[in-house]
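These numbers come from the heavy atoms of this one structure, side chains and all, not from hydrogens, waters or symmetry mates.
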Amino acid sequence: MAKQFRKKELSREDDEDETAQNRKEKERGVKRQPTSPHEANDDDDGSESEQERLRDQREREQLDRNIRERDAAATRKLSEQKQAFTTRGSNIVGDVETLRKVSRQEYLKKREANKLKELGESIEDGEYLYKGVKLTEVEYNRLSYEKKIYELATKHEAATHHDHDHDQYYRIPEPYDDHEGGVNQEKRFSVALQRCWDDDLNGRDNKSNQFAEQKAWEDQQIGKATLKFGSKNKRRKCDEEYDFVFEDQIEFVKKSVLLEGDQMIANGNVDVGKVQPSHQLDKLREERKTLPIYTFRERLLQDVEKNQVLIIVGETGSGKTTQIPQYLHEAGYTKGGKKIGCTQPRRIAAMSVAARVSQEMGVKLGHAVGYSIRFEDCTSEKTVLKYMTDGMLLREFLVEPDLASYSVVMVDEAHERTLSTDVLLGLLKDIARYRPDLKLIISSATLDAEKFSDFFDSAKILRIPGRRYPVDIHYMEAPQADYLDAAIVAALQVHVTQPPGDILFFLTGQEEIETAEEIFKHRTRGLGTKISELIICPIYANLPTELQAKIFEPTPEGARKVVLATNIAETSLTIDGIKYVIDPGFSKMKSYNPRSGMESLQVTPISKASSMQRAGRAGRTGHGKCFRLYTSYNYDSDLDDTTVPEVQRTNLANVVLTLKSLGIHDLVNFEFMDPPPCEALLKALELLFALGALNKVGELTKVGRRMAEFPVDPMLSKMIVASDKYKCSDEVISIAAMLSTGSSIFYRPKDKQVHADTARLRFHSGNVGDHIALLKVYNAWKEANYSTQWCYENYIQVRSMKRARDIRDQLERLLERVEIKLSSSNDLEAIKKAVTSGFFPHCVRLQKNGSYRTIKHPHTAHIHPSSGIMALEHHLLPRCVLYHELVLTTKEYMRQVTEIKPEWLVEIAPHYYQLNGVVEEDYSNSKKMPRGKGRTSTSKQIPNLVDYSICV
DNA sequence: GAGCACTGC
């Protein structure tokens with residue numbers, strides 16, 4: 001049965017490909033024999049609508065070709081640029097820089113033009129003189145184009161009937177952690193549950209809401225029918241509404257409709273919205289039966305029973321995450337005290353899903369159903385369904401290497417391929433061999449299913465349809481050089497021509513978002529209240545929480561919200577009411593160069609998988625549209641299918657330490673789904689050896705075992721372990737916590753930069769270095785009784801501080817476990833020495849030109865301007881400093897820098913540094929030396945650490 | 001004298 005199902009799925013996909021190909025060949029005049037009955041039918045179908053469809057198709061393809069030829073040059077140029085992006089190499093930086101510079105210049109040029117515009121309020125018709133200032137033609141055109149927007153908008157507004165259900169889409173989450181007293185548990189899950197409740201229960205009482213949903217649902221069904229029978233009329237009408245008025249307008253071509261699995265809903269006897277039981281729990285139970293996955297229950301259980309590993313392809317809204325563990329529980333997989341574990345990549349997901357499931361089962365959260373995330377274990381001995389983050393399960397491996405207490409492990413959202421997921425998959429595959437009774441369920445997206453199946457020795461794939469609305473995808477007709485500008489024009493186009501519904505706009509980072517915000521404000525200013533209001537909402541992770549809440553505020557009637565978001569909106573947070581998505585096709589991605597040990601954030605083109613994800617954001621509450629700011633040709637030929645998994649572009653020191661402490665010595669043969677570069681593994685091993693976590697043959701040492709206990713980077717954990725010796729563990733864990741918050745501690749608003757800087761420099765008094773400054777910040781905050789007000793006064797991010805406190809508390813608890821006494825010391829030198837014990841590989845020496853050079857490998861770096869050391873006079877720059885991290889932005893910058901004495905290096909890491917290498921006086925004269933000679937002297941300083949062939 | 005995609009333990 002199940003086999004047939006899979007076959008059917010495959011053949012359906014094949015058919016689609018076949019027909020597309022068939023059509024193309026037909027056009028070239030090639031006759032083809034039909035290969036399947038379905039296809040033959042397709043060919044014989046001579047109905048009028050079918051012919052019309054084919055004609056349309058042909059016309060469109062002809063148009064495509066024309067466009068392609070016309071813009072061949074431009075396309076080639078862009079694809080060359082993109083090629084350079086995708087090539088993993090050194091030229092990547094230069095290209096990104098050039099592109100951004102061009103984009104910036106364009107923007108500045110346009111801002112200049114806008115300034116002229118600001119000289120007056122009104123737009124005079126047909127005059128090149130504007131408030132007495134002579135305008136150039138471009139300026140004049142710009143003005144008249146603003147006027148066109150204005151006119152169109154007025155017309156459009158008059159014609160548009162306001163959608164009164166509009167603000168039903170929005171729900172304001174209530175803060176739960178802003179109380180000084182702690183967390184309000186009641187409110188805590190309210191946001192997460194709200195959507196479920198609103199959609200599932202309360203929604204029924206709320207007629208208009210149900211109406212909206214019902215209507216959208218019907219629209220989808222109609223849309224499907226339209227698509228199926230080839231009639232284009234309805235869609236045509238839709239396209240005709242496009243009335244391009246922009247001088248630099250962007251033309252889009254509608255290419256495809258994202259419609260996944262919903263045909264199967266219609267066949268699957270799923271009846272939505274007819275259940276009206278009286279009791280709430282019954283209601284929930286009935287609700288469960290309406291989920292698409294319900295019809296697959298028996299099949300799923302059979303498959304799980306027969307196979308050890310099962311790959312589930314469940315689209316969004318299929319209910320897999322909440323239902324599968326329940327089905328397994330009902331089928332008796334939790335007998336004998338065994339647990340079912342389900343991992344999620346994000347904390348919030350683990351929490352909210354567990355809360356939902358506990359309600360469906362009518363049990364209290366933390367009893368039979370629980371969740372386990374960092375800083376919070378909400379489980380008990382009775383827990384049988386355990387939701388957790390993937391990193392948490394990884395930690396559990398350390399305690400229970402065979403996961404003996406689990407009967408089933410479900411890895412949800414595996415296609416996201418986070419670092420933890422990848423490691424987890426390797427480990428699970430490993431233990432599955434020794435535990436035939438352990439069942440594995442891997443949930444993935446469509447694109448990767450085969451790959452997961454291959455990885456788990458051709459595991460069976462079960463496909464479950466989702467419940468999602470169609471999304472029309474529009475591509476640009478011709479590539480644009482300045483994507484930011486193009487994106488803004490596109491957003492304005494949507495604003496003036498499309499029916500109500502909010503716009504989600506994907507940008508790469510904070511800077512770009514701020515620029516875009518500025519441009520938006522400029523462009524809409526002159527139009528005042530005449531076009532319907534455009535509310536700009538920036539959202540990125542570093543934005544203070546209270547400003548983030550703005551995106552959830554209801555949109556006033558008649559206005560439209562534009563959410564300018566980073567990747568955060570791709571997976572991590574969901575904004576209801578989004579109908580339009582604008583996707584420029586770029587994002588920032590972390591990449592790691594194992595040779596220099598440098599991590600950097602680069603603007604790179606996104607993958608097809610993530611562009612699908614972005615498009616899907618428009619189809620959550622109804623039929624949506626996605627505008628891609630690249631051509632369909634770019635999409636097909638330039639974008640990778642999937643994003644490079646994190647394991648291949650990150651520092652692996654922590655992963656290697658974890659694996660080693662799990663007793664996995666043979667790292668090269670450890671089964672990663674996508675093995676990381678060998679160099680990265682070697683680099684990690686080298687570092688761990690230098691830190692003393694591994695011995696010469698690559699085995700974990702006692703120090704290494706203690707280090708593995710701490711959930712922080714190996715260098716930080718080494719620093720903590722070393723603090724025992726210097727009797728300053730209290731201070732060092734504070735520093736470690738502050739360094740591992742991830743986000744910046746200091747807040748620097750644009751309008752108060754001077755104040756923020758002076759506030760920051762207060763913590764640097766006495767030129768103590770950034771590490772000690774962080775300690776001072778933490779201690780001062782502690783003395784201020786962890787006050788939020790104190791943070792505002794000192795321009796410090798409250799969120800980062802709270803996180804640092806959580807991490808610190810956890811580290812403090814762990815100290816006991818590795819038998820380190822909590823001891824406090826006022827001796828700054830001792831603290832710095834402890835820091836040096838962890839970070840000695842990150843030491844640099846001053847060169848004559850004011851930059852720094854790494855001692856071990858020749859590499860130039862600069863102190864980041866945010867460092868306290870930069871406040872010093874140039875001639876006072878310390879000779880030798882240690883840094884926490886190296887980041888590549890415009891230059892190679894060292895962040896969090898502290899002065900150290902070169903002698904410490906020899907004292908602390910004699911195996912790493914030799915005396916002559918560190919205290920050498922003519923260190924900055926390397927330029928005068930012949931290159932070969934210089935190299936010899938460098939290589940002399942590197943002792944032959946270890947024969948890696950043994951340990952890998 | 002410049003910048004911080006996003007998670008997670």
Side-chain angles (χ1 to χ4, degrees), chain A residues 100 343-350 372-377 388-398 413 416-424 506-515 539-543 565-573 586-591 599-604 606 610 613 643 646 649-650 654-655 657-658 661 708-714 716-717 736-737 740-750 753 756-757 797 800 803 806-807 810-811 814 850 862-872 874 885 887-895:
Chain A
R100 302 205 104 196
T343 72
Q344 295 289 324
R346 276 169 295 278
R347 299 159 52 89
I348 186 89
S372 173
I373 54 178
R374 189 183 185 183
F375 310 131
E376 204 173 331
D377 185 3
M388 60 194 128
T389 46
D390 43 17
M392 207 66 201
L393 186 62
L394 209 54
R395 285 272 140 189
E396 282 193 16
F397 262 99
L398 288 174
E413 315 281 355
E416 284 190 27
R417 303 293 304 278
T418 63
L419 188 58
S420 320
T421 307
D422 268 19
V423 177
L424 209 54
F506 283 101
L507 293 167
T508 58
Q510 180 179 348
E511 195 189 2
E512 207 170 85
I513 286 175
E514 281 167 0
T515 312
I539 176 89
Y540 43 87
N542 267 350
L543 195 72
T566 58
N567 267 357
I568 195 171
E570 204 172 297
T571 48
S572 310
L573 70 93
F586 289 97
S587 76
K588 273 191 190 169
M589 225 188 359
K590 195 168 76 179
S591 63
E599 292 189 330
S600 57
L601 278 173
Q602 299 290 339
V603 175
T604 32
I606 57 170
S610 90
Q613 178 72 29
T643 313
E646 196 184 354
R649 48 184 174 85
T650 193
N654 210 0
V655 171
L657 184 61
T658 311
S661 61
E709 288 290 325
F710 296 99
V712 289
D713 282 343
L716 286 170
S717 56
S740 50
T741 50
S743 50
S744 60
I745 302 286
F746 298 100
Y747 177 55
R748 198 164 180 257
K750 265 203 171 135
Q753 288 181 351
D757 286 348
Q797 302 247 26
S800 305
R803 191 172 152 77
D806 285 341
I807 297 173
Q810 191 189 24
L811 292 177
L814 289 169
H862 306 264
I863 293 179
H864 196 278
S866 69
S867 166
I869 289 182
M870 286 309 267
L872 292 173
H874 193 267
E885 61 180 353
V887 288
L888 175 70
T889 50
T890 49
K891 271 195 243 170
E892 290 170 4
Y893 283 111
M894 302 178 282
R895 273 210 290 236

So, is T508(A) near the phosphate of dA5(B), with a side-chain N or O under 4.0 Å from OP1 or OP2? no
Just checking R346(A): base, sugar-phosphate only, or nothing, at a heavy-atom cut-off of under 4.0 Å? sugar-phosphate
Spacing of I539(A) atom CD1 relative to dC4(B) atom P, expressed in whole Å: 19 Å
From the options dC6(B), dC4(B), dG8(B), select the nucleotide whose nearest atom is closest to the side chain of R803(A). dG8(B)
Any heavy-atom pair between the side chains of F710(A) and L811(A) that's under 4.5 Å? yes
How about S740(A) and D713(A): does a side-chain donor come under 3.5 Å of a side-chain acceptor? no
Just compare dC4(B), dC6(B), dC9(B) and give me whichever is closest to any side-chain atom of Y540(A). dC6(B)
Let me know the distance between CG of L888(A) and P of dC4(B), rounded to the nearest Å. 10 Å
CD on E376(A) to CG on D806(A), rounded to 0.5 Å: 9.5 Å
Of I807(A) and D757(A), the one whose closest DNA chain B nucleotide lies more 5': D757(A)
Distance check needed: dT7(B) P versus K590(A) NZ, whole Å only. 13 Å
Classify the nucleic acid contact of M870(A) as base, sugar-phosphate or nothing, counting any heavy atom under 4.0 Å across all strands shown. nothing
Is T389(A) touching bases, backbone alone, or none of the nucleic acid, heavy atoms closer than 4.0 Å? sugar-phosphate
Of the candidate nucleotides dC4(B), dG1(B), dC9(B), which contains the atom at the shortest distance from the side chain of P865(A)? dG1(B)
Is any side-chain N or O of R895(A) closer than 4.0 Å to OP1 or OP2 of dC4(B)? yes
Separation of atom CG in L419(A) from atom C1' in dC6(B), rounded to whole Å: 13 Å
Using atom CD1 of I869(A) as one end and atom C1' of dG1(B) as the other, report the distance to the nearest whole Å. 15 Å
Between F746(A) and Q810(A), whichever has its closest DNA chain B nucleotide further toward 5' is F746(A)
Would you mind classifying the nucleic acid contact of Y893(A) as base, sugar-phosphate or nothing, using non-hydrogen atoms under 4.0 angstrom? sugar-phosphate
Any heavy-atom pair between the side chains of T508(A) and E512(A) that's under 4.5 Å? yes
Nearest to the side chain of N654(A) - dC9(B), dG3(B), dA5(B)? dC9(B)
For dC9(B), does either OP1 or OP2 sit under 4.0 Å from a side-chain N or O belonging to R347(A)? yes
Please report the distance, rounded to the nearest Å, between CE in M392(A) and C1' in dG8(B). 11 Å
Please report the distance, rounded to the nearest Å, between CZ in R649(A) and C1' in dC6(B). 10 Å
Rounding to a whole Å, what distance do you find between R374(A):CZ and dT7(B):P? 14 Å
Look at the side-chain N and O atoms of S866(A) and state whether any lies under 4.0 Å from the OP1 or OP2 oxygen of dG1(B). no
Name the nucleic acid region contacted by S420(A), choosing base, sugar-phosphate or nothing; use a 4.0 angstrom heavy-atom cut-off, strictly under. nothing
Min side-chain heavy-atom separation Q810(A)-P711(A) under 4.5 Å: yes
For the side chain of A541(A), counting heavy atoms from C-beta on, which of dC6(B), dA5(B), dG3(B) is nearest? dC6(B)
Do R395(A) and E709(A) meet the salt-bridge criterion of a basic N to acidic O distance under 4.0 Å? no
